[in-house]
Every structure is written in structure tokens, then in C-alpha cells.
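The chains referred to below are lettered A, B, ... by the order of the sequence lines, with proteins before strands, and numbering in each begins at 1.
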Amino acid sequence: MTTTARSQLPPRYEAASVEPAIYERWLAANAFTPAPEPPPGAKRFVITQPPPNITGALHLGHALTAFVEDILVRYHRMRGDDTLWLPGVDHAGIAAQFVLDRLLAEEGETRATLGRERYLERMWLFINETRDIIGQQHQRLGASLDWSRLRFTMDEGSARAVRVAFKRLWDAGLAYRGEALVNWCPRCRTTISDLENIKHDEAGTLWTIRYHLADADGRPDPDRWISVATTRPETIFGDTAVAVYPEDERYADLVGREAILPFLGRRLPIIADEHVERDFGTGAVKITPAHDFDDYEVGRRHGLPMISILDEDARLNEQAGEFAGQDRYDARAAVLERLRQMGDLEGEAPHQMVIGRCDRCGTVVEPRLSVQWFVNVKPLAERALASVREGRTRIVPIHFEKVFAHWMENIHDWAVGRQLWWGHRIPAWYCPDGHITVSDAADGPGACAECGRPATELTQETDIFDTWFSSGLWPFSTLGWPEQTPDLQRFYPTQVMETAYEILFFWVARMMMLGLFLTDVEPFETVYLHGIVRDPYGQKMSKTKGNVVDPLEMIEEIGADALRVALVSGNAPGVDQRLTPAKLTGGRNFTNKMWNAARFVLGAAPEPMAQPDGDESLPERWIRSRLAATIERATRQLDALDLAGYAATVHEFAWSDYCDWYLEMAKVELRRDDAPAGERARVWRTTTETFADLLRLLHPLLPFVSEAIWEPLGNAAPWATGGEPLLVRAAWPAAAAVDGDVDRTVDQLRDLIRAVRDQRTAAGVAAGAWLPLHVAPAGAAERETMAGGARYLEALARVRPLDLAAEGSARPSSAGSNALGTFWLGSDAASDQAAEERAAARRAELREQVARLRTLLGNEAFTNRAPAPVVERERARLADLEAQLAALGEDGG
RNA sequence: GGGCGGUUAGCUCAGCUGGUUAGAGCACCUCGUUUACACCGAGGGGGUCGGGGGUUCGAGUCCCUCACCGCCCACCA
């Protein structure tokens with residue numbers, strides 16, 4: 001009787017057609033939606049996912065995020081935990097407007113020509129298109145999100161959460177409106193936060209300008225001046241003082257006097273302030289409080305006037321006299337030219353400086369004095385900091401806790417207002433008397449909270465919130481907060497928050513602060529941060545560099561699972577990785593390997609099927625033991641969020657243990673013509689059972705491939721899959737006992753097989769040739785081991801006949817040895833020169849190691865101080881090596 | 001100017017609380033059409049763990065120091 005070679009799987013895994021169909025099956029089975037009621041006694045596992053930007057094309061960062069989260073979610077779902085992974089999209093205020101403005105420009109429209117209402121209508125059309133695309137793309141990745149709970153940061157639920165959250169901050173005195181210097185992007189025409197103001201090192205110029213001193217009549221003294229150094233000459237119209245270092249003797253006599261501002265003739269007090277570096281420039285600084293963060297502080301300390309000189313497009317305003325209306329850089333050139341003509345441009349020098357640019361559009365950001373909405377986050381930050389310090393929230397990898405703490409300790413008030421249209425409008429109303437009413441009601445306040453004027457006389461704030469304000473409410477606003485909904489009670493607080501370390505401050509910190517303030521509990525137990533996916537040269541991927549790998553194209557080519565393996569393997573949390581073609585190929589090869597293993601297993605079914613019978617053979621017991629160890633290890637690694645470790649564990653088990661050794665040994669059993677049909681059936685049963693457990697282990701890493709194999713496996717071997725038609729809903733395998741004796745036996749046999757193969761290679765024997773092998777077992781136990789493994793030794797080392805009773809024979813000098821005994825190849829190969837050399841090298845190696853261990857064990861410091869198990873291990877090892885040497889006819893020195 | 005991370009095989013990276021002879025994948029060399037897989041199999045070569053000190057019976061792992069590389073934060077115009 002022969003086994004059928006007919007496989008029920010096609011020769012190749014066709015990802016592009018197979019994967020979407022599988023995702024459809026998952027959706028049809030409602031596999032990602034938690035049961036109406038949590039399973040009794042189940043632990044909760046909820047992931048807080050960063051909702052992708054509505055504007056963004058899917059990139060590898062999204063893919064990595066989705067893969068990491070999906071692995072965890074699938075694992076916990078299989079564990080039977082009450083698992084939720086909620087999908088969402090972020091409205092991305094400034095980013096979305098940036099994109100839409102560009103689209104509008106192509107249509108010859110602008111924000112201004114449309115007006116707020118039509119602009120927002122247009123935005124919704126745009127959003128509704130892209131939102132679906134984002135969802136489809138995540139499905140292609142295999143992300144097992146609960147689509148029935150899809151949320152959007154601009155939906156009604158979010159809107160209500162935003163209003164309530166802000167009202168609470170206002171009532172607590174933490175939200176306020178006030179005048180302050182903020183970062184202004186003249187292109188986006190809005191305030192931006194410190195985090196969105198990206199600092200760049202750039203080459204600039206440092207100009208030295210003479211400010212003439214005022215004479216007795218308050219007129220510029222042509223012969224006396226103070227020279228100030230500046231990188232921004234156009235801001236002189238906002239100057240209200242000149243400052244020097246208090247103890248700078250060069251200027252001691254000038255402090256208290258006045259200088260005259262060029263062009264405008266304004267009298268500027270010369271003041272002393274420690275902010276000034278006496279060694280920089282001329283040691284004298286022009287002070288422009290309304291356009292520089294340092295000067296602003298100086299201005300406040302000295303009670304200086306603050307004069308705004310720029311409009312919202314960064315053009316000079318009426319304060320600039322003849323220069324009014326010019327763009328800031330045109331004005332700079334013009335001012336310099338005039339100063340030169342007047343002879344007051346004393347010098348210019350190249351200067352390396354730091355310039356802030358808008359994260360979104362790259363425009364140079366201007367500090368601008370304006371009335372803004374702020375949140376005082378200091379008290380919130382302290383609570384968030386305490387949560388991390390006291391371990392109620394932990395950050396993985398742990399060193400980011402320091403980064404987090406440093407930022408939290410130095411946090412400034414959060415300017416939450418944006419002068420944009422796309423976003424949640426700040427729920428504040430002004431009455432004609434200047435009173436402010438903050439309301440969380442959907443239709444606004446009924447009357448002014450202070451004077452009772454009716455709503456009809458109130459006007460709402462036009463500013464909207466920073467996008468991150470609504471994102472900061474994400475973990476609970478998506479579950480129904482502020483209502484105590486069943487979902488909120490069941491799924492909040494969440495367990496793992498996973499995202500790129502880049503948005504630790506932007507998002508994680510805000511969620512922590514707002515979550516603690518609003519819900520009195522840490523919104524998640526663990527923050528898992530992943531790194532950036534870079535190109536093979538370590539460069540960040542960007543469209544302008546043209547080094548972007550499109551995940552969707554890659555998936556078309558090699559499959560989503562292959563990409564997942566490539567991105568997750570060998571990547572520690574918080575560490576950037578380089579994605580190379582070799583890594584992608586490696587992922588593809590692994591999926592292919594598993595596919596082919598499945599083809600073999602399915603094709604190896606005995607026909608006709610008999611009743612399984614007899615005790616399990618050595619390979620069967622061994623693979624069960626290895627499987628048990630693997631399950632235990634993989635489970636531990638997943639629980640510890642060690643995804644790369646988990647991937648390596650299952651990869652090694654699947655490829656090395658299962659395919660390279662178990663299946664090869666199982667073939668011996670499955671193809672034994674002398675074996676009773678019942679025994680063959682039993683081997684196949686073991687093969688399918690262990691393979692099914694392997695698929696369970698692989699499922700989080702290879703969701704599509706493992707699922708594609710599961711169904712045909714279940715058809716052929718229902719006992720293996722437990723009748724569960726979908727792997728996604730199957731249970732995570734339970735670890736049986738590890739059998740140390742079997743492990744050791746097979747280890748020794750494998751070692752012997754490898755040694756024989758090595759000798760064959762050294763002797764230059766044709767790979768297909770069968771050679772006689774003589775073996776002299778080291779003892780009775782070893783003889784038994786070899787007898788038990790003889791069939792596998794013969795097949796895998798390709799030796800026949802096998803002579804297990806060769807003690808008495810004369811050993812050729814090419815004999816090798818291992819723990820089982822001494823062995824040598826028969827026939828001509830035995831005397832081969834290369835084999836002898838190799839054997840001699842092996843003996844030399846053994847002697848060296850024996851000598852090393854004897855020295856170590858002869859050292860009393862070691863035997864006395866090292867732990868007993870360590871010493872014992874060394875002793876056993878020495879004994880083993882000595883035995884091997886002795887078997888080769890040496891006394892070991 | 002602060003702070004953080006990195007430096008391990010030709011390349012990309014793992015190495016938990018210090019404990020055998022430091023691992024993996026890729027690349028490289030040799031061999032192979034054994035009916036799952038050449039996107040494969042078998043065998044092999046290759047590392048003074050960035051330098052220097054120290055603690056220890058024992059250090060890739062802990063401490064100090066130096067050198068490069070990278071990142072984050074920051075108010076010298």
C-alpha cells in the first residue's frame with residue numbers, strides 16, 4: 001500500500017487571490033466582534049490603536065502598527081480573552097486642510113472663494129471617500145479589527161466627548177483664554193503647538209546694526225551708537241528696548257540711556273538683563289517682545305510695550321511705516337539696503353542657527369502675540385508622570401519612561417486653539433459684555449453664564465481644537481464616554497496602547513493626561529512603542545527621496561503574511577529597523593515553506609485509512625515534546641510582548657524541528673512497507689495533530705496562510721482541528737509535558753546523523769550513495785538508543801547496512817565519535833584522506849576542550865564559589881568529552 | 001547646551017535577572033533532479049562582542065572612561 005501523493009492544495013500559495021477571500025470568510029463569521037456578553041471569567045484584552053490620519057496613504061508605519069496589534073489581538077482572542085480592537089480614523093485637522101487646499105487649488109478654488117460652510121461640505125465629501133479606502137487597506141493587511149465599532153474623531157460621539165471634556169477643564173480652571181506668544185504658521189494661517197514647530201539647523205546671517213544714542217534733545221547722536229546683533233532685521237519695527245548684560249563694563253555707562261530706532265525714531269531704553277550673553281555678537285541685543293520668545297520674557301520682566309508688526313500672512317503691518325505691506329523677507333532685504341545706505345549696517349557674518357518650520361508645510365514659523373485658548377496641563381502632567389513612575393502604566397521599551405518623564409517635567413501650557421475650519425469648534429461663547437460661557441450642550445448655552453443675556457446675543461468662538469485634543473480622548477470616547485455605556489464598562493481601561501515612538505508626546509502623553517483627569521484611571525496598562533521602518537541604508541522613507549516601499553504593492557507581490565514576517569522578525573520594540581529586499585524574501589520563503597509542509601502533510605494520508613494503533617514512535621514522542629516546549633515559550637514571549645522572540649520561536653520550531661527533522665523521520669514511518677496499517681495511521685494522526693497545533697501557533701504571525709491550510713486539514717483530519725472550521729476562532733494550544741529523555745535521545749541521534757553526514761561530505765561521497773556504517777556504542781544504554789533510532793539513522797544519514805555491533809572491530813583513523821559511541825563509514829570512504837584529517841581535527845578539538853575544563857574544574861575558586869548546578873554541568877561535560885576521547889583510543893592526556 | 005540610544009560574523013539584527021564552545025537570517029564556499037518545498041535540502045568557512053580600565057571564581061551582559069554614529073529635547077539674538 002502506498003500513500004497518495006495527491007495534495008489538496010495548489011502547488012503555490014497565491015496570496016493575491018487567496019487572502020481577500022479569507023478575510024471575507026472572517027467577516028462573514030463575525031470573527032472580530034466580541035460576543036454580546038464577555039465569556040465568564042475571561043480576562044480583558046483591549047488595544048488602543050492610533051487611528052490613522054484620514055489623509056494619509058497607507059505606509060509601512062501603518063503596516064507595522066497593524067501587524068503588531070493584530071498579532072497580539074489574534075493571540076488573546078485565541079486565548080479566550082474578552083478581546084477588542086476598535087478601528088478608527090482621525091480627522092487630522094491641519095493635515096486634512098493642507099491636502100484639501102491642494103486639491104481645491106487644482107480646481108481653481110481656495111478656502112476663501114468657498115467660504116467656511118461650503119468648504120466643510122467639500123471636506124466631508126473628501127473624507128467619506130478616503131475613509132473607506134483606509135478601511136479596505138487595513139483589511140488587506142489582515143487586521144482583525146471590529147468594524148462594527150468603527151469610529152471617527154469627527155463623529156457625533158467624539159464631538160460630545162470633546163465638549164464635555166473641555167467644559168470639565170474649564171470648570172476646573174484648567175482651560176483659559178489669554179494673550180500670549182504662540183507659534184504661527186503664515187502659510188497654514190494658524191497657531192501650531194511646540195511639537196509641530198520643527199527645529200532645523202540652517203545657515204543664516206548675523207547682521208550688526210547701529211542704533212544711535214539719543215542726545216540731550218532726544219535726537220540721534222551721529223557720533224555715538226550702540227551696535228546690536230540680529231538675524232532678523234525686519235523685526236526692528238517691533239523693538240522696544242536694547243538689552244546688555246548687567247555686568248558688562250563695555251556698556252555700563254549706557255544702561256539707563258536711550259537709543260533711537262532707525263526709520264521710526266522711537267526711543268528705546270537701554271536695559272540690563274541676564275538673558276543677554278555678553279560674548280555673543282556685540283553683547284547688545286534688540287528686544288522685540290512680540291516676536292521672540294526670549295524677548296517676550298525680557299519684555300515682561302521690564303514692563304516693555306509689545307508691538308506686533310506682522311499680519312497673519314507674515315507681511316509687515318502699519319507699524320512698519322514705509323515698509324508696511326511688504327513680505328517679511330522682502331522687508332528684510334529692503335531694511336538692510338536702507339541701513340547700508342545710511343551707514344548703519346556695521347557688518348554681516350555667516351551664522352549657523354536654529355530655525356523653526358511648520359511640521360506640515362515647512363514654512364518658517366513666526367512667534368506671534370495673540371489671544372488664544374490654552375490648557376494648563378501641569379497638574380495633569382504630574383498625575384501622568386506619577387502613573388508611570390509608580391508602575392500603573394509601563395512603557396515598553398523601558399528607557400522611553402525617562403524620555404516621557406523629561407518631557408512631562410518641562411511641559412508648557414497647551415495652546416489648543418487652531419484658526420482652521422476642519423475640526424471641533426471650541427464650545428465657548430462670548431457675550432457683548434465680554435463674558436465667556438463654555439457649554440457642553442450640543443446646541444450651545446441658553447444664556448450667558450455670567451449676565452444671563454440670551455443665547456441670541458452670544459457668538460461662538462470660531463477657533464477649532466488642535467486635532468490631538470480629540471485624539472487624546474480616543475480610548476474612552478470611542479466606547480461611549482461620557483455616558484457609562486456597557487462598552488465603556490466592559491472595555492475600559494484598555495490593556496495595551498501601541499504606537500510609534502514618534503508620537504509619544506503628541507498622542508500618548510495627551511491620552512494619559514486627559515484620561516486620568518476625565519476618568520480617574522490610567523487609560524492603558526502598557527504603552528508599547530515600535531520604531532521607524534527605514535530603507536536599506538537607514539534613511540527615513542519619503543516620497544521626495546523616492547525610497548518608499550508601498551505595503552500594498554508588496555502584499556500583491558509576496559502576500560500580507562510575508563510582509564508581516566519581514567517587519568516583525570528580529571525587531572526589538574522602540575528600535576528602528578532597515579527593511580531590506582532580503583528580509584522580504586525571507587518572509588515570502590517562510591510562507592512558502594509552511595504551504596509546502598501542508599501539501600506534504602495532506603498528501604501523506606494513508607489510503608485506505610485504518611484505525612490508529614500501537615505506541616507512539618520516537619519521532620512522534622519527540623515532536624510532541626518539542627511542541628510542548630515551543631507552546632510554552634511562545635506563550636511566555638507573547639505575554640511579555642516579545643513579538644520578535646515569538647516569531648523566532650515558531651519559525652525555528654516550524655522549519656527546523658517540524659520540517660527538517662520530524663517530517664523527515666515521519667516519512668520513514670509513513671513509508672514503511674512492513675508496518676501495520678494501524679501504525680501508519682497513528683503516525684499520520686500524530687503528524688496532523690501536531691501540525692494543527694503548529695498552525696494555531698503560527699496564526700498570529702501568518703493569519704492568512706495558516707487559515708488557508710486549516711480548512712483542508714480539518715477536512716482530512718477533523719480530529720486535529722477539533723471540528724472548528726475557522727482557525728481564527730480556534731483555541732490557542734495548551735502545552736503538554738516536555739519529555740526530557742526523548743529530547744535527549746533525539747538530540748544524540750541528530751548529533752550522530754550530522755557527524756556521519758559531515759564525514760560523508762569530507763570523504764566526497766555522492767549524496768545519493770548508500771554506505772555501510774559501523775558503530776561501537778559507548779554502553780548498553782547507548783546501544784539501545786541507537787537500536788531505537790536505527791531506522792532514522794539509516795534514512796537520514798543514508799547508511800546501509802548499519803552495523804551496530806562493531807565494538808571488536810579495528811577502528812580506522814577516520815573514526816568519529818559522539819556521546820553515543822564511535823562510528824566510521826564502511827568501504828573505500830573509510831580510508832579517505834579528507835575524512836581522516838577531519839577526524840584528527842576533531843580529536844585535537846576534544847583534547848583542547850578537555851584540557852580547558854580540567855583547568856576550570858581544578859580551580860578551587862571556581863568549584864567553591866560558583867553555584868553547584870553550574871559546577872555539576874561542567875563536570876558532566878568533562879566526563880562526556882573524556883569518554884569520547886577514550887572511545888577513539890586515546891587516554892585523553 | 002542637556003538627555004537618550006547604538007557600536008556583536010561581509011550585511012541586517014537577536015542575546016532575559018553575569019554561568020557550557022556568543023546565535024539567527026541573508027551573503028559566501030562545496031555537494032545535491034532522495035516523489036512537500038531549488039522560494040529547497042546536506043555540509044562548511046567566518047566574530048580578540050568599538051578602545052581602555054575596573055568589579056567577579058567567571059563579563060557581550062555590571063561600573064568608570066574615551067572614541068565614533070544616530071535620535072530627542074532646548075529661549076544665544
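The residue A:W207 sits apart from the nucleic acid: no heavy atom pair falls under 4.0 Å. Heavy atoms of A:A648 sit nowhere under 4.0 angstrom from any nucleic acid atom. The residue A:R754 sits close only to the backbone: its heavy atoms come under 4.0 Å of sugar-phosphate atoms, none of a base. Heavy atoms of A:T231 sit under 4.0 angstrom from primed sugar atoms or phosphate atoms, though from no base atom. Across all strands shown, A:G281 has no heavy atoms under 4.0 Å from either base or sugar-phosphate atoms. No engagement by A:A644 is indicated, since no non-hydrogen atom pair under 4.0 Å with the nucleic acid exists. In this structure, A:P867 reaches the bases: a heavy-atom distance under 4.0 Å links it to at least one base atom across the strands shown. A:V575 comes within contact range of the sugar-phosphate backbone alone, with a heavy-atom separation under 4.0 Å but no base atom that close.
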N/O-N/O pairs, protein side and nucleotides 70-76 of chain B side, under 3.5 Å:
residue	atom	partner	partner atom	Å
B:C75	O4'	A:D294	OD1	3.1
B:C75	O2'	A:D294	OD1	2.9
B:C75	O2'	A:D294	OD2	2.1
B:C75	N1	A:D294	OD1	3.1
B:C75	O2	A:D294	OD1	2.9

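As the counterpart of B:G45, no nucleotide is assigned, since no Watson-Crick or G-U wobble pattern has both distances under 3.5 Å. Across all strands shown, the partner of B:G70 is B:C4, judged by Watson-Crick or G-U wobble contacts whose two distances both fall under 3.5 Å. Nucleotide B:G32 has B:C40 as its partner under the Watson-Crick or G-U criteria, with both atom distances under 3.5 Å. Pairing of B:A9, defined by two Watson-Crick or G-U wobble distances under 3.5 Å, is not identified with any nucleotide. Under the Watson-Crick and G-U wobble criteria, each requiring two contacts below 3.5 Å, nucleotide B:A14 is left unpaired.
Between A:E274 and A:R301, none of the side-chain N atoms (NZ, or NE/NH1/NH2) sits under 4.0 Å from a carboxylate O, so this pair counts as no salt bridge. Salt bridge A:E669/A:R672: present, at least one basic N to carboxylate O contact under 4.0 Å. A salt bridge links A:D747 to A:R750: at least one charged side-chain nitrogen sits closer than 4.0 Å to a carboxylate oxygen.
Interface remark: the A:K593 side chain does form a donor-acceptor pair with the B:C37 base, using a distance-only criterion of under 3.5 Å. Evaluation of atom-type donor-acceptor distances gives no pair under 3.5 Å for the side chain of A:E664 against the base of B:A42. A donor-acceptor contact under 3.5 Å is formed by the side chain of A:R588 with the base of B:C39.
For the OP1/OP2 pair of B:U12 and a distance below 4.0 Å, the side-chain nitrogens and oxygens of A:R578 include at least one atom meeting the criterion. OP1 or OP2 of B:C37 has not a single side-chain nitrogen or oxygen of A:N589 nearer than 4.0 Å. For A:R798, no side-chain nitrogen or oxygen approaches OP1 or OP2 of B:C31 to under 4.0 Å. In this structure, A:W655 reaches the B:G41 phosphate: one of its side-chain N or O atoms is under 4.0 Å from OP1 or OP2.
For the pair A:R636 CZ and B:U17 C1', the computed distance is 13 Å after rounding to whole Å. Atom C1' of nucleotide B:A77 and atom CD of A:E297 are separated by 15 Å, given to the nearest angstrom. At whole-Å resolution of the value, CZ in A:R842 and P in B:G43 are 15 Å apart. Between the CD atom of A:Q352 and the P atom of B:G1 there is a distance of 15 Å, given to the nearest Å. Put simply, CG on A:D561 is 15 Å from C1' on B:C39, counting in whole angstrom units. The CD1-C1' distance, from A:I226 to B:A77, rounds to 13 Å in whole Å. The CG-P distance, from A:L643 to B:C16, rounds to 17 Å in whole Å. Following rounding to the nearest Å, A:R757 (CZ) and B:G32 (C1') show an atom-to-atom distance of 12 Å.
In terms of position on RNA chain B, the residue among A:W661 and A:V276 whose nearest nucleotide sits closer to the 5' end is A:W661. With the nearest nucleotide of RNA chain B identified for both A:S656 and A:K286, A:S656 has the one nearer the 5' end.
Taking the six-membered ring wherever Trp is involved, the centroid distance between the rings of A:Y251 and A:Y245 does not fall below 6.0 Å.
Between B:G43, B:G32, B:U20, one nucleotide has an atom nearer to the side chain of A:T761 than all others, and that is B:G43. The side chain of A:N596 lies closest to B:C37, out of B:G41, B:C37, B:A77. Listed nucleotides B:C4, B:A36, B:G43 differ in distance to A:D758; the shortest reach to its side chain belongs to B:G43. Taking every side-chain heavy atom of A:R12 into account, B:C39 is the closest of B:C39, B:A36, B:C31. Listed nucleotides: B:C4, B:U12, B:G43. Nearest to the side chain of A:K402: B:C4. When the nucleotides B:A77, B:C37, B:C31 are ranked by their closest atom to the side chain of A:A229, B:A77 comes out on top. Relative to the side chain of A:F862, the nucleotides B:C13, B:G19, B:C37 differ in distance, and B:G19 lies closest. Between B:G19, B:A36, B:G5, one nucleotide has an atom nearer to the side chain of A:V870 than all others, and that is B:G19. Side-chain proximity of A:N592 to B:C39, B:C4, B:G19: nearest is B:C39.
Rounded to whole Å, the C1' atom of B:G52 lies 46 Å from the corresponding atom of B:C31. Rounded to a whole angstrom, the distance from the P atom of B:A42 to that of B:C26 is 12 Å. With C1' as the reference atom, B:G25 and B:U61 are 23 Å apart, rounded to whole Å. Rounded to a whole angstrom, the distance from the C1' atom of B:G60 to that of B:G51 is 15 Å. Between the C1' atoms of B:A9 and B:G44, the separation comes to 15 Å (whole Å). Comparing the same atom, P, in B:G47 and in B:G41 gives a spacing of 26 Å after rounding to whole Å. To the nearest whole angstrom, the two C1' atoms, one in B:G54 and one in B:C76, are 41 Å apart. Distance noted for atom C1' between B:A36 and B:G46: 32 Å (whole Å).
Looking only at distances, a side-chain donor or acceptor of A:D295 sits under 3.5 Å from a matching main-chain atom of A:T288. Proximity of a side-chain donor or acceptor of A:D561 to a complementary backbone N or O of A:V705 within less than 3.5 Å is detected.
Open room surrounds CD on A:E860; 12 or fewer heavy atoms of other groups in view lie less than 6.0 Å from it.
If you check the side chains of A:S193 and A:E196, you find a donor sitting under 3.5 Å from an acceptor. Defined by atom type and a distance below 3.5 Å, a donor-acceptor pair is present between the side-chain atoms of A:D273 and A:H302.
Each of A:L60, A:L567, A:V568 was compared with A:Q577 under the side chain to side chain contact (heavy atoms under 4.5 Å, CB included) criterion, and only A:L567 meets it.
Ring geometry, A:F505 versus A:W407: the interplanar angle falls under 30°, so the pair is classed parallel (tilted spans 30 to 60°). Classification of the A:W655-A:F590 ring pair by plane angle, with boundaries at 30° and 60°, yields parallel.
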